[in-house]
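Each chain gets a letter, A, B and so on, in the order the sequences are listed, and its residues count up from 1.
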There are 2 protein chains.
Amino acid sequence: MNVGPDIAALGSLIGDPARARMLTALLSGKALTPSELAVEAGVTVQTASFHLGKLAGAGLTQQQKQGRHRYYSLADDDVADVLVAMEGLAAKRGHTRTRTGPKDPDLRKARVCYNHLAGTLGVHMFDSLLARQYLAAEAENLELTDAGRAFVTGLGIDLEPLAKSRRPLCKACLDWSARRTHLAGALGTAFLDRFFALGWAERQSASRVVAFSDNGAARFFSDFPNEAS
Amino acid sequence: MNVGPDIAALGSLIGDPARARMLTALLSGKALTPSELAVEAGVTVQTASFHLGKLAGAGLTQQQKQGRHRYYSLADDDVADVLVAMEGLAAKRGHTRTRTGPKDPDLRKARVCYNHLAGTLGVHMFDSLLARQYLAAEAENLELTDAGRAFVTGLGIDLEPLAKSRRPLCKACLDWSARRTHLAGALGTAFLDRFFALGWAERQSASRVVAFSDNGAARFFSDFPNEAS
DNA sequence: TTCATACTTCGATATTAATCTAAGCATAAA
DNA sequence: TTTATGCTTAGATTAATATCGAAGTATGAA
C-alpha cells in the first residue's frame, strides 16, 4: 500500500518537540518572529530558523516579511484544526507534558484555541448559550436560534458578514483542558474578538492565555449566566 | 510554555513511515495481525512487533489475543478521526506518497474510511442523498429528513439502534482523494455494512479497497441516482 | 559609511531511534 | 512429547537529524 497521503511526513514534522512547541505557540493565532518562537521552543535562534524552514517548506506555516522582522503564522484553519484534534487525542490519552508551570491554571481558565475562546470560560459560555436556548444542539450539529441572533446582535456583533463567509457559523470544538465542548466557527471567533474589543480581556504576551480583567469577567458572567456551572 | 497535551509524542508516533503505513492499514477498520501489518509496512515481523509495542503503549491501538494470533486494531474512533484529519491535510498540501501502485484507481473509486464509504462512490452517494433531499445540509450540519428516514428504512437499515447510540447519526467527512464531503457517522457506517450484507461489495484482502461487483454497482447507482455526477 | 539587529546558512557533533539477526516464549497441531 | 507457527525480546548496527557555534546576508539606525 504505497499510495495515499503521506501522514508520516506530517507526523514527523509535528513529532519534533521544538516544532510542536512552536506550532502550539502559533495556535494563539498570533504571528510570531523566529526569535520569539525560539524562546517558546527553548532552542537557539539558529535551530528555530532550521525548523521554520521545514514547516514553511511543508506548507504548515506562512511568513510575512516586515522590515527586518519575519512574522510566522499557521498557514490556515486546516492546520489549526489538525493540531487541535491532536491536542484533544493526546490529552485524552493522558499524554501531557509534565512540567507544569505557573501559567497552567490561567491556561485552563481561558485560552485561545487558534481564534476562539477555550478553557473553563469557553465551556461556561457554551453551556450558557445552550441553557438559554440561544444555541440549539442536536448531536454535533449546532444552530443559532432566533433568540440567539438577537442576543448576539445585542452584544454588538454584526451577523451579516459572518453569514456570508464560507466558514461554518457554529462549530463544536473539543479540546484538552476541560474535556467538554465549546463554541468554535465564525461565531466563536466573533465572540472572542468582541471580548477584546470591549476591553473585557486581552491577550497575554506570546502565550495562549486570555487574561480577563476583574471588570471584564464580571460583565462576561453577567452576560453569560449559568447557574449550573 | 511547557504545559498542555504532548502532541509531539503523538506526532512522532505517526511520524515513522512504517507505523504510519500500519495505522493507515488499520483505517480499514479491520483487526490485523503483526505479520499482516509487517507486510503492509514493508518491514520484518520483529520490527513490526517493536512498533506495535509503541503504538499500544501510547494507547493508539488495542489488541486481542486469539489463540496464537494477536489482532491489532485502532483504539477507538478518536484515533481514526485524527488520522483521517491528517490524511486530509497532507493531501491538501500535495504530500502524497509517490509510488502509485495498481490499486490506486480502485482506492480512489471506493474505499473504507475507517467504518464508512469514501472515494468517488462515497461522494456520489452523498450528493445523491442531498439532491433527493434525504439529507439536509446547512453549513457543516447534516440532518436526515423524514423522506430520508423512509428511504433508509426501505433499504433495510434499522434506525432504532442508531438513534440510541451516542455516535452522531450523520457526520460530514472530508478525505483526500476526492476533495469533497461524504457521509460518515453512525448512518455512514450502517450504509457500508448494508452494502456488504446485500452482497453488493466486499472488502479486499488487507487493503482499504471496497470492491463492488458489477451487479452491486448497478444496484448502487439505481438506488443512489444523481444526474449531476 | 559604520554599527547593530534579525535572521539564515554552513559545518561538525552527538544523540536518537529504526532496523535486522538471533534467541526466547507461547500456543496449536501431530 | 515433539514439531511448527506466531509473536516478542535482546543486542548490535546504521542512518537520520536536531542541535549549536561560527560565519554570512539583509535591513535599519546612527
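Taking atom CG of residue Leu52(B) and atom P of nucleotide dT19(C), one finds them 12 Å apart after rounding to whole Å. Atom pair Arg68(B):CZ and dT27(C):P shows a separation of 11 Å (rounding to whole Å applied). What separates NZ of Lys65(B) from P of dA26(C) is a distance of 8 Å, to the nearest Å. To the nearest angstrom, P of dA6(C) lies 10 Å from OH of Tyr71(A). A straight line from CZ of Arg70(B) to P of dT9(D) spans 8 Å, rounded to a whole angstrom. dT8(D) atom P lies 13 Å from atom NE2 of His69(B), rounded to whole Å.
Side chain of Thr120(B) to backbone of Arg108(B): a donor-acceptor contact under 3.5 angstrom is found. Here the side chain of Asp76(B) pairs a donor or acceptor atom with the backbone of Val79(B) at under 3.5 angstrom. Of the possible donor and acceptor atoms, none in the side chain of His51(A) sits under 3.5 Å from a partner among the backbone N and O of Ala48(A). Arg19(B) places no side-chain N or O within donor-acceptor distance of the main-chain N or O of Leu55(B), the cut-off being under 3.5 Å.
Annotated stems with DNA chain D as a participant read C:1-30 with D:1-30, given as range with range, by first number; only runs of 3 or more Watson-Crick or G-U pairs under 3.5 Å qualify.
A salt bridge is absent between Arg21(A) and Asp16(A); no separation between the charged side-chain nitrogens and carboxylate oxygens falls under 4.0 Å.
Ring centroid separation for the pair Phe224(A) and Phe191(A) comes in under the 6.0 Å cut-off. Residues His182(A) and His124(A) keep their aromatic ring centres 6.0 Å or farther apart.
Of the candidates dA4(D), dT8(C), dT9(D), the closest approach to any side-chain atom of Ser49(A) belongs to dT8(C).
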Counting primed atoms, P, OP1 and OP2 as sugar-phosphate and everything else as base, the B/S/- map of nucleotides 17-24 of chain D against protein heavy atoms under 4.0 Å is -SBBBB--
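When the side-chain nitrogen and oxygen atoms of Tyr72(A) are compared with OP1 and OP2 of dT8(C), one or more of them lie within a distance under 4.0 Å.
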Side chain to side chain contact (heavy atoms under 4.5 Å, CB included) between Asp223(B) and Trp200(B): does it pass, once the steps are laid out? CA-CA 12 Å; Asp223(B) 272 337; Trp200(B) 293 4; 3.3 Å; yes
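Checked by atom type, the side-chain pair Glu36(B)/Thr33(B) shows a donor-acceptor distance below 3.5 Å.
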